[in-house]
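Written below as structure tokens is the structure these notes are about.
Not measured: the values here are computed from a predicted model.
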Amino acid sequence: MESNNSEVKKECCGQCTSHDSEPRSKLNSYNWLADVPGGYNDFEIVEVTFKNTRKGFFKNSSHIPLQIGDMVAVEANPGHDVGRVSMVGKLVKLQMKRANLRPDLEILRVFRKAKQSDLERYEEAKAKEVDTMIRSRKIAEDLKLNMKIGDVEYQGDGNKAIFYYIADERVDFRQLIKVLADVFKVRIEMKQIGARQEAGRIGGIGPCGRPLCCSSWMSNFVSVATSAARYQDISLNPQKLAGQCAKLKCCMNFEIDSYVEAVKQLPERNVVLETKDNLYYHFKTDIFKREITYSTDKNIAANLVVLSAERVFEVMALNKNGVKPDKLNLDSDERQREYSMYGDIIGQDSVTRFDKNKKKKNNKNRGGRDRRNAERNVEVREEHNNQPQMEGENHRERRREGDMQQRRPRNNNNRRPKGENRNGNDQRNGSNNEKTE
């Protein structure tokens, strides 16, 4: 039951391997036709991968039931080689079309699934690769050849060895091949690779903290020019622009198209802005924020002013018409204050940023003081409730009579009705109230 589950896992994953010691290769392709019923394994050509990003297409003329991850013995020149099946079915046809193979290309055959004896011989040949590489480097040094042998790959049957080397100039290695054939007693094949291929073969971690693109997912390389750094306003520092292969970083080409399109919508950098006070020269540009910084000096940062692209176009139009504005930026003072205020956002320039905040001391008598205030409020509330109600009723009655007086219309003769004084109070009621009091 466990074997059936492992087979299903191979079919659905497309990246799994039969040997856990071998890492997943960037040359493997996901088999997205694995779950499609019918026609899955009807294409007789399979894709087989070897060491050092080497792959080939072989004809399964015997119709052996092969799956992704199977080790097979394939035809080689001379002898046979051992590799891993990386793709089967109709996807191989698409892979061959992508590789631009010639129609008259002779396709070698798949002999069989690798037997135990084939795997043992393959492991023995593989164990000799490191020693062979070290000895071949010493031989190339003795012959005074300006080249570096980066790796050695033995064929599955051990009858052939491929030497991968790096050289800046053309190298005449005919004498080297004769010496290597006499020393190792195998057929020699020399294959030149570039510095980027060497870095992708070795692998490593880039300055971004991620695995190198050339060793993780890139299978072909595009030339990188220094103009990519100029478009992106990157400092032309060779130590910053070079990768682990000592060449320009491939990631500089990833965003170059976006920068080129954004720069087309910005003003030219050689334009000088004129005001009544001074001349302003281009200092730097934030392309995606569409903000340009201008300085009053060509060579150093002096009186920097940050403008939006729209404001720059407005000033350019004014200067073209012979008009010089009073200020380059209407709110330049506020922008400078805002920059100085929020320049150090995280407070990393503060000397006391690691000091602990002092806690406020707790007042021991605070509880007693609150208790006394609460008792005093209760006493005041009780005294207010114990006052006679007559005073409150008289006060409410006087307020009501005052409101009636304000609403009452005045006589034309400006005479007061009888029984009322100047304040609008009834004298009789007042006398009665006095008596009651």
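Open room surrounds OH on Tyr231; 12 or fewer heavy atoms of other groups in view lie less than 6.0 Å from it. By the neighbour-count criterion of 12 heavy atoms within 6.0 Å, atom CG of Asn270 is densely surrounded, having more than that number from other residues, nucleotides or ligands. No more than 12 heavy atoms of other residues, nucleotides or ligands shown are found within 6.0 angstrom of NZ on Lys247.
Rounded to the nearest 0.5 angstrom, Leu304 CG and Leu307 CG are separated by 11.0 Å. Note that SG of Cys251 and CD1 of Ile256 are 12.0 Å apart. Values are rounded to the nearest 0.5 Å. Once rounded to the nearest 0.5 Å, the distance linking SG of Cys245 with CD1 of Ile202 reads 10.5 Å. Distance check: Ile149 CD1 to Ile139 CD1 gives 8.0 Å after rounding to the nearest 0.5 Å. Atoms CZ and CD1, on Phe163 and Ile177 in that order, are 9.5 Å from each other to the nearest 0.5 Å. Rounded to the nearest 0.5 Å, atoms CD1 (Ile45) and NZ (Lys59) are 6.5 Å apart.
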Leu318 vs Asn321, test: side chain to side chain contact (heavy atoms under 4.5 Å, CB included). Steps then yes/no. CA-CA 5 Å; Leu318 292 176; Asn321 296 329; 5.6 Å; no
Run Lys55 and Gln95 through side chain to side chain contact (heavy atoms under 4.5 Å, CB included) and show every step you take. CA-CA 11 Å; Lys55 65 166 52 177; Gln95 291 288 85; 4.0 Å; yes
Quick one: do Glu198 and Tyr164 satisfy side chain to side chain contact (heavy atoms under 4.5 Å, CB included)? Show the steps, please. CA-CA 9 Å; Glu198 176 71 7; Tyr164 297 91; 5.9 Å; no
Step by step, would you call Thr226 with Arg230 a side chain to side chain contact (heavy atoms under 4.5 Å, CB included)? CA-CA 7 Å; Thr226 55; Arg230 295 191 183 95; 3.3 Å; yes
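Using a cutoff of 4.0 Å between basic side-chain nitrogens and carboxylate oxygens, Asp118 and Arg112 are scored as salt-bridged. Salt bridge annotation for Arg201-Asp151: present, with a cationic side-chain nitrogen under 4.0 angstrom from a carboxylate oxygen. Using a cut-off of 4.0 Å between Lys/Arg side-chain N and Asp/Glu carboxylate O, Asp142 and Arg137 are scored as not salt-bridged. Taking a cutoff of 4.0 Å between a charged side-chain nitrogen and a carboxylate oxygen, Arg54 and Asp81 qualify as a salt bridge. For Glu129 and Lys126, the salt-bridge test fails: no basic side-chain N is under 4.0 Å from an acidic carboxylate O. The pair Arg290-Glu310 meets the salt-bridge criterion, with a side-chain N (NZ, NE, NH1 or NH2) lying under 4.0 Å from an Asp/Glu carboxylate O.
With sequence neighbours excluded, the residues that form a side chain to side chain contact (heavy atoms under 4.5 Å, CB included) with Lys264 are Val260, Glu261. Glu141 pairs by the side chain to side chain donor-acceptor pair (under 3.5 Å) definition with nothing, not counting sequence neighbours.
Not a single donor-acceptor pair under 3.5 Å links the side chain of Glu47 to the backbone N or O of Phe57. In terms of modelled atom types and a separation under 3.5 Å, the side chain of Asp157 and the main chain of His80 share a donor-acceptor contact. A donor-acceptor pair is defined here as one N or O able to donate and one able to accept, closer than 3.5 Å; such a pair exists between the side chain of Thr296 and the backbone of Ala302. The backbone N or O of Ala229 lies less than 3.5 Å from no partner atom in the side chain of Gln232, so there is not a single donor-acceptor pair. The backbone N or O of Lys240 lies less than 3.5 Å from a partner atom in the side chain of Lys249, making a donor-acceptor pair.
Remark: of the listed residues Gln155, Glu189, Glu153, Glu189 is the sole one forming a side-chain hydrogen bond (donor to acceptor under 3.5 Å, both in side chains) with Lys160.
Thr293 places none of its side-chain heavy atoms less than 4.5 Å from the side chain of Val305. Side-chain atoms of Ile287 and Gln265, non-hydrogen and from C-beta on, never get closer than 4.5 Å to each other. Here the side chains of Met190 and Arg174 are not in contact, with every heavy-atom distance at 4.5 Å or above. Counting heavy atoms from C-beta on, the side chains of Lys113 and Asp70 come closer than 4.5 Å. Contact check for Leu66 versus Asn60: side-chain heavy atoms found under the 4.5 Å cut-off. Taking the side chain as every heavy atom from C-beta outward, Phe254 and Cys213 approach each other to under 4.5 Å. For the pair Thr275/Lys324, no side-chain contact is recorded, criterion being any heavy-atom separation below 4.5 Å from C-beta on. Between Gln192 and Ile166 the shortest side-chain heavy-atom distance does not fall below 4.5 Å.
The two residues Arg311 and Leu328 have their closest heavy-atom pair at NE-O, 3.0 Å. Closest approach of Met316 to Leu273, counting heavy atoms only: CG-CD2, 3.7 Å. Residues Ile300 and Ser295 approach most closely at O-OG, 3.0 Å, considering heavy atoms. The nearest pair of heavy atoms linking Gln244 to Gly203 is OE1-O, 4.2 Å. Shortest non-hydrogen contact noted between Leu266 and Ala309 is CD2-CB, 4.0 Å. The two residues Ala114 and Leu119 come nearest to each other via the heavy atoms CB-CD2, 3.8 Å.
Using modelled atom types, one finds no donor on one side chain facing an acceptor on the other under 3.5 Å when comparing Arg121 with Ser117.
Identified under the ring pair (Phe, Tyr, Trp, His ring centres under 6.0 Å) test for residues 168-207, with sequence neighbours left out: Tyr165-Phe173.
In this structure, Phe50 and Phe58 have perpendicular ring planes: the angle between them is above 60°, well past the 30° mark.
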